[in-house]
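Values below: every heavy atom of this structure, side chains too, minus hydrogens, waters and symmetry copies.
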Amino acid sequence: MKGYRLRTDNRVKPVSHRKQFVNAKRRQPFEMDDINLHYRFLNWRRRIREIREVRAVRVQERYKRILKDGDTLSYHGNSDEVGCYVAPRPLSKGNCYFEVTIMDTGVRGTIAVGLVPQFYKLDHQPGWLPHSVAYHADDGKLYNGNPVGQQFGPKCNRGDRIGCGIYADTLDAGLTTVFFTKNGKEVGSVVVPVAPDGLFPAVGMHSLGEEVRLDLQAEWGQEEDDSVMMVDSHEDEWGRLYDVRASGTLLEYVGKGKSIMDVGLAQARQPLTTRSHYFEVEIVDAGEKCYIALGLARRDYPKNRHPGWSRGSVAYHADDGKIFHGSGVGDPFGPRCFEGDIMGCGIMFPRDYIFDWEDELDEWEAQDVRPKQGRVQNLVYLNDEEDEDDGEDPEQDQEGRKVMVFFTRNGKIIGRREVVVPAGGFYPTIGMLSSGEKVKVDLHPLSG
């Protein structure tokens with residue numbers, strides 16, 4: 001049967017089967033190309049959507065039984081189950097180290113810091129499962145893909161910094177060396193296989209009250225060894241450091257700073273004597289509130305109380321310029337102090353003052369007292385007029401004897417307060433209470 005084609009003169013012209021076939025062949029390639037292009041476009045759009053979803057998953061941090069507030073992680077469980085946090089990105093050549101500062105050890109201090117695969121099970125401590133490794137603070141052990149740890153380093157407590165990093169030059173070989181640090185000093189290292197997706201920073205916790213501060217951008221290098229040596233030598237000058245980290249002569253507050261119970265305290269190892277009667281503190285960073293206090297306290301002073309708040313202490317507070325003497329209520333005393341100011345504290349000992357407990361001081365060396373230019377003058381002894389006015393019996397028992405404590409601001413005396421020396425003497429004590437506070441301490445500014 002022949003086909004027909006309409007002519008312009010309204011007459012139908014027969015069309016052969018051959019021409020119909022040729023015309024169909026001419027149209028077919030164009031129609032098939034359109035269909036193929038349409039399906040290719042749909043596939044391309046679907047693949048883009050899948051890639052975006054995968055990327056979104058890869059950069060998403062994962063955590064369970066952990067509360068995250070900025071860079072602070074805290075345990076949120078019942079102590080029967082592990083809480084675990086996994087960072088959104090693995091360590092790499094450009095970012096090969098991170099640190100965790102222990103803010104609170106909680107009930108047991110079961111805090112773990114290490115590296116895990118991307119989709120690590122969040123109800124296990126880092127280091128317990130294969131392809132993970134971690135340093136545990138409560139026992140100082142290394143857990144390398146096994147719930148049984150091996151002795152590795154010292155235990156870690158509140159205020160300590162635990163660091164973890166990789167030597168990135170071995171990443172391409174499928175193995176890498178993972179190292180751990182405590183307060184900037186390397187503890188040890190171990191060679192581990194690298195998971196296909198990389199090794200992700202992880203923090204585990206397992207008891208109520210545990211809290212840490214996470215720094216995924218921390219830096220560490222071998223060149224820090226010199227400063228670490230300096231830190232070790234200056235730490236010997238401090239008898240107690242609570243929620244305060246010492247770096248050379250610098251003291252930094254590392255506590256929570258959320259309530260009056262979060263005081264950070266630094267107390268010198270040796271008390272003031274007639275040979276070393278004065279010390280100074282420079283405010284390097286006032287932090288959020290400048291809750292910095294400088295003063296003297298008894299040896300067994302409570303660790304969570306600002307100097308001056310409790311019995312056996314006296315202190316000058318920078319934030320309000322008040323003096324606190326064994327009471328939580330201060331008296332107006334001097335000007336407020338700010339960043340860059342130097343606060344000083346000393347004792348004016350009577351000329352006949354004798355220390356019954358001097359023999360108990362450990363390797364205390366006599367020091368020449370020479371005033372530095374621009375610093376407070378040597379007030380180790382009261383002048384003659386003050387001796388006469390004092391009128392105290394030199395034969396009285398040394399325990400409970402009164403002395404004159406003085407405070408300075410930028411080298412000038414701002415006031416004095418008569419106080420009773422507690423048994424064992426008065427120890428230089430510094431308190432801090434708000435985030436970011438840093439001070440530089442000179443325990444012997446008058447020595448030559």
Side-chain angles (χ1 to χ4, degrees), residues 61-68 73-91 96-158 160-167 170-171 174-183 186-214 216:
E61 56 191 357
R62 302 169 56 241
Y63 49 92
K64 186 176 182 180
R65 302 184 189 94
I66 297 287
L67 286 180
K68 186 175 185 295
L73 307 177
S74 56
Y75 179 73
H76 189 61
N78 58 13
S79 294
D80 293 331
E81 300 172 306
V82 171
C84 187
Y85 168 91
V86 178
R89 293 179 177 83
L91 293 188
C96 59
Y97 181 74
F98 74 101
E99 276 188 346
V100 167
T101 300
I102 301 177
M103 307 295 291
D104 197 327
T105 55
V107 177
R108 297 194 301 264
T110 47
I111 298 170
V113 178
L115 300 172
V116 301
Q118 181 181 8
F119 298 107
Y120 191 77
K121 293 182 180 180
L122 299 180
D123 53 357
H124 288 73
Q125 282 275 31
W128 283 3
L129 297 181
H131 309 295
S132 69
V133 60
Y135 179 28
H136 287 222
D138 60 316
D139 55 13
K141 291 184 178 181
L142 180 75
Y143 291 76
N144 187 4
N146 196 314
V148 178
Q150 297 178 341
Q151 199 56 49
F152 184 68
K155 298 178 182 180
C156 300
N157 301 300
R158 188 173 185 173
D160 286 333
R161 289 176 297 132
I162 303 176
C164 177
I166 59 173
Y167 292 118
T170 61
L171 274 176
L175 296 172
T176 189
T177 301
V178 177
F179 65 91
F180 294 91
T181 67
K182 179 186 177 186
N183 298 330
E186 185 171 348
V187 175
S189 61
V190 61
V191 177
V192 300
V194 180
D197 292 327
L199 294 171
F200 289 71
V203 179
M205 289 182 261
H206 201 180
S207 76
L208 292 174
E210 293 173 350
E211 184 174 285
V212 302
R213 186 169 60 229
L214 176 66
L216 293 174

Expected output: side-chain [X] to main-chain [Y] donor-acceptor under 3.5 Å:
X: Tyr120; Y: Leu129; result: yes
X: Arg108; Y: His206; result: yes
X: Glu210; Y: Asp104; result: no
X: Arg65; Y: His76; result: no
X: Ser74; Y: Glu211; result: no

### Task
Show your reasoning for whether side chain to side chain contact (heavy atoms under 4.5 Å, CB included) applies to Val133 and Val116.
CA-CA 7 Å; Val133 60; Val116 301; over 6 Å; no

### Task
Would you sort out whether Tyr143 and Gln125 count as a side-chain hydrogen bond (donor to acceptor under 3.5 Å, both in side chains), showing the intermediate values?
CA-CA 9 Å; Tyr143 291 76; Gln125 282 275 31; over 6 Å; no

### Task
Decide if atom CD of Gln151 counts as having more than 12 heavy atoms of other residues, nucleotides or ligands within a radius under 6.0 Å.
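Yes.
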
### Task
Verify the neighbour count for atom NZ of Lys121: are there more than 12 heavy atoms of other residues, nucleotides or ligands below 6.0 Å?
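It does not: Lys121 NZ has 12 such atoms or fewer within range.
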
Quick one: closest heavy-atom pair of [X] and [Y], and the distance?
X: Cys164; Y: Leu115; answer: SG-CG, 3.7 Å
X: His131; Y: Leu199; answer: O-CD2, 4.1 Å
X: Ser132; Y: Pro117; answer: CB-CD, 4.3 Å
X: Ala134; Y: Ala112; answer: CB-CB, 4.5 Å

### Task
Would you mind listing every salt bridge (Lys or Arg N to Asp or Glu O under 4.0 Å) that reaches into residues 144-158, with sequence neighbours excluded?
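Pairs touching residues 144-158 that pass the test: Arg158-Asp243.
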
Min side-chain heavy-atom separation [X]-[Y] under 4.5 Å:
X: Val191; Y: Tyr167; answer: no
X: Leu142; Y: Val190; answer: yes
X: Lys68; Y: Tyr63; answer: yes
X: Cys156; Y: Tyr135; answer: yes
X: Ile66; Y: Cys84; answer: no

### Query
Stepwise, does the side chain to side chain contact (heavy atoms under 4.5 Å, CB included) test hold for Trp128 with Val82?
CA-CA 11 Å; Trp128 283 3; Val82 171; 4.0 Å; yes

### Task
For Thr181, enumerate each residue passing the side-chain hydrogen bond (donor to acceptor under 3.5 Å, both in side chains) test, keeping only those at least two apart in sequence or located in another chain.
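For Thr181, the residues satisfying side-chain hydrogen bond (donor to acceptor under 3.5 Å, both in side chains) (neighbours in sequence not counted) are Tyr97.
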
### Rounded distance [0.5 Å steps], CD1 in Ile162 versus CZ in Phe180
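If we round to the nearest 0.5 Å, Ile162:CD1 and Phe180:CZ are 9.5 Å apart.
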
### Message
Checking Val86 against Leu122 for the side chain to side chain contact (heavy atoms under 4.5 Å, CB included) test, could you report, in this order, the C-alpha distance in whole Å, the side-chain angles of both residues, the deciding distance, and whether it holds?
### Response
CA-CA 8 Å; Val86 178; Leu122 299 180; 3.7 Å; yes

### Task
Output, in order, the C-alpha distance, side-chain angles, deciding distance and verdict of side chain to side chain contact (heavy atoms under 4.5 Å, CB included) for Met205 and Leu73.
CA-CA 9 Å; Met205 289 182 261; Leu73 307 177; 3.8 Å; yes

